[in-house]
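One structure below.
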2 protein chains.
Amino acid sequence: MTGQVISFPREAPDVVNETSSTLKAFGVLEVLVRMGRPVTLSELMLATELPKPSLHRTLALFEEAGLLSREPDGRAYTLGQRLSRFGLDILRNDAAAAERRIILRRVVAEIGESCNLAVMHRGDLIYLDRIEADWPLRLQLPVGGASLRPHCCASGKLLLAHRGVAERDRLLSKMALERFTDRTITDQQVLQSELDRILQNGYAVDNEEYVIGVACVAVPVADSRGEVVAALAVQGATARLPLMRAIEFVPRLREAAAQISSTLG
Amino acid sequence: MTGQVISFPREAPDVVNETSSTLKAFGVLEVLVRMGRPVTLSELMLATELPKPSLHRTLALFEEAGLLSREPDGRAYTLGQRLSRFGLDILRNDAAAAERRIILRRVVAEIGESCNLAVMHRGDLIYLDRIEADWPLRLQLPVGGASLRPHCCASGKLLLAHRGVAERDRLLSKMALERFTDRTITDQQVLQSELDRILQNGYAVDNEEYVIGVACVAVPVADSRGEVVAALAVQGATARLPLMRAIEFVPRLREAAAQISSTLG
DNA sequence: CGAGTTGTTCCGCTCAGCGAGACATAAAAC
DNA sequence: GTTTTATGTCTCGCTGAGCGGAACAACTCG
C-alpha cells in the first residue's frame, strides 16, 4: 500500500549528518545494525560517508565498550553482547507507549483516517505517535525528533489556546507567524481570536493552513489534574476528508482522548 | 592519558563512569531503558551520578534526535520511536539472531512446515524471523517492516496472555478487535477466556482467524529472566496442516523455544 | 616485486562537551 | 499570602575529546 506521499516543508533526515559527536556515533551504530551482517570498515565508509580515521576511532570505542565485536577474521564488525542486551531491554520497555498506540489504532480503525498524538515543548509541536490509515495518499510527518510550528496546525493551535493567558501571550509575541499556504494565519489578532474560539468550541481545526489539501481536527487530552497536556488529532486529504466530515469525528476523538488521559499519571 | 590525577582508585563497576562523552551518553540511554518506565531528570541523576547540567544536555540532545521523547507531563523521559526501532533492528541482526535462525531452520526441516519468531512491539506483533517450508502454497507475510494485530494470530494472543494481568486488562479493553475472517475473535469476553485458556494450555492456536485457510500454533519463548518476550509459531495451509496436526508439533516447538531462550540475554 | 586496497596510528587544531553556579518554576510547608 | 524545598533550565569560560589529513602498516593480487 505505498502510494503518493504528500511531503512536507522541512528538511529530510539524512543518514549520518548530525553535528554532535555522540549522535554521529549513534548514527554509525544504527547504520551498522541495519545492514544486518558483519560489516568492514570500508563498507561503513561508503554507507556513512564519514572519514576513515573518525570511523575507525568510533568503532574502536564501541568495540572497547563491548557494544560491538569483531568477526574471528579480525576485520568485520558485528553487534556485541552489550548491544544485544540493550535491544532486549528496549523491547521490554514499551508498555507505556503500547497502550497509547493501541488507543490510537482503534480510533484509526473505526474512523478510517490517520490520527496522531502531539505535545508542545518549548513552543514547538512534537508528535509522540501517529497511526496512518490505510490509504494510498499519505502524509509524511516527523514523529519524535523534529518539530512543527504550532500556529498553523490544529494540534498546535489547540495547545496554545489551552495555555494560561499570560504564557500564551508570551509565546505568541515571540512567534514568527510564518506563511505556509494562503490560508495560514499570519496575523496576531486573527490568531488570538482563533484561539479564543477554540477554547469555546473545545476543538481546533486546520483547514489547509499548513499543507494545501490537508485538513485536520484536534481535541484536548488532559492529565489527571485536568491540565491539557496533549492533543489528539485526525488528519487527512481534503479530497477524501473535507473539514466538515472531519468535525463529525470530534465525539469519537473526545472518547479516545479520555482514554489516553487515564493513562497519564 | 594525562591529567585527571584524582581518579577513583579502583572504583566499583558503577553504571556510568566511561571517559568518552559518547559512551557516557550511551550509558545514560542504557540506564534509562533499564528502568523500564518514564524517568525524570532527578531520578536519572541518582541512577547515574552525573552532574545535572551534563545530564540535561545529553537528554535534550537525544530528545532532539528523536531517540527519546517526553511524557505529556513534560517532565519524564521515555523511549522515542527511533530508539524503539533501533531495539527491534538489534534483535533482528545481532549475533544471536543467526543462532536463532539456525534453530528455526532445523525445526522447519524436521516438521516440514513454515515457522516464525515474533515479538510484541508497541502493541503490534512483529516478526523477528521467519523460515518458509518448501511447499508450493506459500503465505506472503510482512517479514520485517509491517506488523500484525495481535488479537487474531496465535503468537499475538500468546504474547498478550503472558503479560501481567493488570496490563493485559488495560490493553485488552482498549484494543480494536478488527474482524478479518468469520472466525476472528471480536468480543472482549471471548478473547479474555481465550487468553486464560492459552495460559493453561501453554500454547495458543489460530484457527483461520486471520486468513481463511491458514492455521497456526504458537508456544512461548522466555528470556534469561524467565519473562516471555517472544513467540515461536508454526503456520500452514489447513489443506495440508489441519489444526490437529499442527498441535502435534507443540512438543517439538517447545524444545526449540527452550533453545532460543538461551540466546536471549 | 610493485601497484592497489584496506586497516591502523600520528598529531596539532579547534570546538563540543563540560559542569559550577545562577536562574526559573512549581509544589510543599509554614 | 510568604518561605522553603525540590526540580528543571540556562549561562559561560575552560579545556581536553573529537577531528581528519596525512603518513604508515599490512595484506592482497597480478
Between N or O atoms, less than 3.5 Å apart, protein on one side and nucleotides 3-8 of chain C on the other: list the pairs.
from: dT6(C); atom 1: O3'; to: Arg75(A); atom 2: NH1; distance (Å): 3.2
from: dG7(C); atom 1: OP1; to: Arg75(A); atom 2: NH1; distance (Å): 2.9
from: dG7(C); atom 1: OP2; to: Ser42(A); atom 2: N; distance (Å): 2.9
from: dG7(C); atom 1: OP2; to: Ser42(A); atom 2: OG; distance (Å): 3.1
from: dG7(C); atom 1: N7; to: Lys52(A); atom 2: NZ; distance (Å): 3.3
from: dG7(C); atom 1: O6; to: Lys52(A); atom 2: NZ; distance (Å): 3.0
from: dT8(C); atom 1: OP1; to: Arg70(A); atom 2: NH2; distance (Å): 2.8
from: dT8(C); atom 1: OP2; to: His56(A); atom 2: NE2; distance (Å): 3.0
from: dT8(C); atom 1: OP2; to: Arg70(A); atom 2: NH2; distance (Å): 3.3
from: dT8(C); atom 1: O5'; to: His56(A); atom 2: NE2; distance (Å): 3.3

Hey, does the side chain of [X] come within less than 4.0 Å of [N]'s phosphate (OP1/OP2), counting only N and O?
X	N	answer
Lys24(A)	dC19(D)	yes
Ser21(A)	dG17(C)	yes
Arg57(A)	dG20(D)	no
Ser20(B)	dG18(D)	yes
Arg122(A)	dG8(D)	no

Atom-to-atom span, [atom1] of [X] to [atom2] of [N] - whole angstrom:
X	N	atom1	atom2	value
Leu50(A)	dG18(D)	CG	P	15 Å
Phe26(A)	dG17(C)	CZ	C1'	19 Å
Glu64(B)	dT9(D)	CD	C1'	15 Å
Arg163(A)	dT25(C)	CZ	P	12 Å
Asp73(B)	dT25(C)	CG	P	18 Å
Leu23(B)	dG16(D)	CG	C1'	16 Å

Please check: side-chain N/O of [X] versus main-chain N/O of [Y], any donor-acceptor pairing under 3.5 Å?
X	Y	answer
Thr184(A)	Phe180(A)	yes
Asn93(B)	Val33(A)	yes
Glu209(A)	Asp206(A)	no
His121(A)	Gly74(B)	no

Identify, with sequence neighbours excluded, every residue that meets ring-ring contact (aromatic ring centres under 6.0 Å, His included) alongside Phe62(A). none
Leu68(B) side chain near Leu29(B) side chain, heavy-atom distance below 4.5 Å: yes
What are the two closest non-hydrogen atoms of Ala25(B) and Thr22(A), and how far apart are they? CB-CG2, 3.6 Å
Between Leu79(A) and Ser69(A), the two heavy atoms sitting closest are O-OG, 3.9 Å
Short N/O separations, protein against nucleotides 27-30 of chain D, under 3.5 angstrom:
none

Applying side-chain contact (heavy atoms from CB on, under 4.5 Å) to Glu194(A) and Ile198(A), what does each step give before you reach the verdict? CA-CA 6 Å; Glu194(A) 167 86 351; Ile198(A) 287 169; 4.1 Å; yes
Listed by chain and number, what are the side-chain hydrogen bond (donor to acceptor under 3.5 Å, both in side chains) partners of Asp73(B), not counting sequence neighbours? none
Polar pairs (N or O, both sides) under 3.5 Å between protein and nucleotides 12-14 of chain C?
none

Sort and list the pairs that fulfil salt bridge (Lys or Arg N to Asp or Glu O under 4.0 Å) and have at least one residue in residues 97-107 of chain A, not counting sequence neighbours. Glu99(A)-Arg170(B), Glu99(A)-Lys174(B), Arg100(A)-Glu71(B), Arg101(A)-Asp129(A), Arg101(A)-Asp124(B), Arg105(A)-Asp124(B), Arg106(A)-Glu110(A)
Under a 4.0 Å N-O cut-off, is there an ion pair linking Arg122(B) with Asp94(A)? no
Base, sugar-phosphate, or nothing: which does Ser54(A) touch, judged by heavy atoms less than 4.0 Å apart? base
More 5' along DNA chain D: Leu61(A) or His121(A), using each one's nearest nucleotide? His121(A)
